[in-house]
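The residues of the chain are indexed from 1 along the displayed sequence. Just the heavy atoms: all of them, side chains too, but no hydrogens, waters or symmetry mates, feed the values below.
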Amino acid sequence: MRIIAPIQIIFTCFIASLATSKASAQDQNNSTNQDPKFEQLLNEKRKINPSLILNDFYKIQIFNGSSENAIKTLSEFKQEFVDIDGTIVFNTPNYKVLVGNFRTRVEAERNLVAIKDRYKNVLLIKPRR
């Protein structure tokens with residue numbers, strides 16, 4: 001004859017009570033009161049979000065260094081390449097000058113050839129999302 005340990009009896013009773021109890025948490029109806037301004041903010045964000053297409057473009061980095069030199073490089077670039085847009089991005093501890101918003105890599109590489117003649121150490125990049 002086998003003797004059942006008290007731990008096994010307690011465990012069996014616990015499992016049996018869980019199996020026979022009614023799960024009432026799922027029967028509850030929950031409602032939330034939401035401020036109408038919150039929904040308005042969400043709609044505004046949804047309108048703005050599709051227009052953020054910066055990450056779908058290729059850019060060319062023409063400079064990486066100090067703030068003063070970045071400003072100087074960007075102004076020189078804008079004088080020489082009037083039809084290509086440029087911006088300065090701070091990436092600790094350096095400033096980077098990024099130019100162009102090229103939709104395809106081929107378009108970016110064509111412009112890279114022209115820019116490479118004037119600036120040293122240029123890089124073709126696709127910004128991360």
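Atoms CZ and CZ, on Phe77 and Phe63 in that order, are 14.5 Å from each other to the nearest 0.5 Å. For the atom pair Asp83 CG and Lys78 NZ, the distance stands at 13.0 Å (nearest 0.5 Å). Atom CG of residue Asp85 and atom CZ of residue Phe57 lie 11.0 Å apart, to the nearest 0.5 angstrom. Remark: Ile115 CD1 to Ile60 CD1 distance equals 4.0 Å, nearest 0.5 Å. In this structure, the separation between CG on Asn121 and CD1 on Ile62 is 11.5 Å, given to the nearest 0.5 Å. Here the CZ-CZ distance, from Arg110 to Arg105, works out to 13.5 Å after rounding to the nearest 0.5 Å.
Of the residues Ile88, Thr87, Asn69, the one that meets the side-chain contact (heavy atoms from CB on, under 4.5 Å) test with Leu74 is Ile88.
In terms of the salt bridge (charged side-chain N to carboxylate O under 4.0 Å, His left out) criterion, residue partners of Glu80 (sequence neighbours excluded) are, by chain and number, Arg118. Here Glu76 pairs with nothing under the side-chain hydrogen bond (donor to acceptor under 3.5 Å, both in side chains) rule; sequence neighbours left out.
Checked by atom type and distance alone, the side chain of Lys96 never pairs as donor or acceptor with a backbone atom of Asn64 at under 3.5 Å.
For Tyr95 and Phe90, the distance between ring centers is under 6.0 angstrom.
With salt bridges taken as basic N to acidic carboxylate O contacts below 4.0 Å, none links Arg103 and Glu107.
For the residue pair Ala108 and Tyr58, the shortest heavy atom distance occurs at CB-CB, 3.8 Å. In this structure, Val99 and Phe102 approach most closely via the heavy-atom pair O-CE1, 3.9 Å.
The side-chain heavy atoms of Val97 and Gln61, taken from C-beta on, include no pair separated by under 4.5 Å.
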Yes or no on salt bridge (charged side-chain N to carboxylate O under 4.0 Å, His left out) for Lys72 and Glu68, after CA distance, side-chain angles and deciding distance?
CA-CA 6 Å; Lys72 180 181 169 189; Glu68 298 83 24; over 6 Å; no

